[in-house]
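Report on one structure; see the data block that follows.
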Amino acid sequence: MEIIISENPAEASAKAAEAVKMQILAKRSSVLGLATGGTVIGLYGKLAEMCGRGEVSFKKVSTFNLDEYVGMPASDPNSYRSFMEKHLFSKIDVDRSNTHIPDGCAENIRAYCVQYENKIRLCGGIDLQVLGIGSDGHIGFNEPSSSLGSRTRVKTLTEKTRADNSRFFGGDISKVPMHAVTMGIGTILDSREILLLAFGEGKAEAVARMAEGPVTATVPASALQLHPNVKVFLDEPAASKLANKAYYKYVYANKP
Ligand code: GLP
């Protein structure tokens, strides 16, 4: 796990955007795994700027989002489809038919989850997966106790996650759905490269447990220790509980 600590979220987002750009420049038809949430908005803004300047094109890129709330129609302003449209898709040259977001309203949701996995496989697998992290250590919506080998399925959200996400629902936790369709941890680990972003003190504990704690289903993000190609982009507050922070900075400053 390569841990890159920046002064602030803007600088960290710019570094992560550079990594996404390099991936697309190396393979125009890259398959990107995408996340939602407050953390990735800056990254998407940088990618939109790069696309606007003609530095990178998403015309041949395919995307697969991690998750969606169960029962949330794509047209709802709180859907992850709406989020992606607002923060990224409407600002880049991606072909909408190549963008995939789990359908939280699928009639047979179990069968749908299998189809979603198959679609990823048919596209050749995910080249680069973007992740945030929940304050309880979740990735996607893989809450604590998720199997480290899990595939796309429905998960029940913790009260903590619903409380964290209630800010997108006018602060009303009762409006936050209880269930979500999410790629599994096994699905995420199949990606060829993973970028995880985390900002703010509220993420410091989860980040330390992810990077320096034991690999455990209690901290789903700790499964990333098993992946050979993970880059973690942090600001100083999110890095504040890392025991080996000085070493990570030293490694980054002396990159061969
Ligand atoms: C959400 C999403 C995750 C996201 C995480 C952090 O619930 N399902 O994919 O990474 O929680 O969200 P935020 O970036 O808003 O803190």
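Just follow the structure's listing: the first ligand is 1, and inside any ligand the first atom is 1.
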Record the part of Met183 in heavy-atom contact with ligand 1 below 4.0 Å; permitted values are side chain, backbone, both and neither.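 Contact part for Met183 vs ligand 1: neither.
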Of the backbone atoms (N, CA, C, O) and the side-chain heavy atoms from C-beta on, which set of Asp67 has a member under 4.0 Å from an atom of ligand 1: side chain, backbone, both, or neither?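 The answer is the side chain.
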Could you state whether [X] and [Y] fall into the same hydrophobic cluster, counting links through intermediate Ile, Leu, Val, Met, Phe, Trp or Tyr residues with side-chain heavy atoms under 4.5 angstrom apart?
| X | Y | value |
| --- | --- | --- |
| Tyr247 | Val232 | yes |
| Met72 | Phe64 | no |
| Leu197 | Leu47 | yes |

For ligand 1, which atoms, with element, lie under 4.0 Å from some heavy atom of [X]?
| X | answer |
| --- | --- |
| Asn165 | 1 (C), 7 (O) |
| Phe141 | 7 (O), 8 (N) |
| Thr39 | 13 (P), 14 (O), 16 (O) |
| Ile133 | 6 (C), 10 (O) |

Tell me whether Lys21 is salt-bridged to Glu18, with the criterion being a basic N under 4.0 Å from an acidic carboxylate O.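 Salt bridge: yes.
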Salt bridge flag under 4.0 Å for residues Lys249 and Glu236: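 A salt bridge is present here (some side-chain N lies under 4.0 Å from a carboxylate O).
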Should one rank Gly140, Gly132, Gly38 by closest heavy-atom distance to atom 2 (C) of ligand 1, which comes out on top?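 Among Gly140, Gly132, Gly38, the closest heavy atom to atom 2 (C) of ligand 1 comes from Gly140.
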Show, in sequence, the C-alpha distance, side-chain angles and deciding distance for Lys59 and Asp95, and conclude whether the salt bridge (charged side-chain N to carboxylate O under 4.0 Å, His left out) test is met. CA-CA 6 Å; Lys59 274 195 181 124; Asp95 177 345; over 6 Å; no
Quick test: of every protein heavy atom, which one is nearest to [atom], and how far off is it to 0.1 Å?
| atom | result |
| --- | --- |
| atom 12 (O) of ligand 1 | Gly37 CA, 4.1 Å |
| atom 16 (O) of ligand 1 | Lys203 NZ, 2.7 Å |
| atom 4 (C) of ligand 1 | Thr36 O, 3.6 Å |
| atom 5 (C) of ligand 1 | His138 NE2, 3.6 Å |

Should [X] be counted as touching ligand 1, given the test is an N or O pair under 3.5 Å?
| X | value |
| --- | --- |
| Thr161 | no |
| Leu131 | no |
| Gly134 | no |

Can you list the steps and then say if Glu143 with Lys160 is a salt bridge (charged side-chain N to carboxylate O under 4.0 Å, His left out)? CA-CA 10 Å; Glu143 297 284 32; Lys160 176 90 180 84; over 6 Å; no
Please check if the distance between the ring centroids of [X] and [Y] is under 6.0 Å.
| X | Y | value |
| --- | --- | --- |
| Tyr80 | Phe168 | no |
| His87 | Tyr44 | no |
| Phe58 | Phe89 | no |

contact_flag Arg167 ligand 1 heavy-atom lt 4.0 Å: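 The answer is yes: ligand 1 sits under 4.0 Å from a heavy atom of Arg167.
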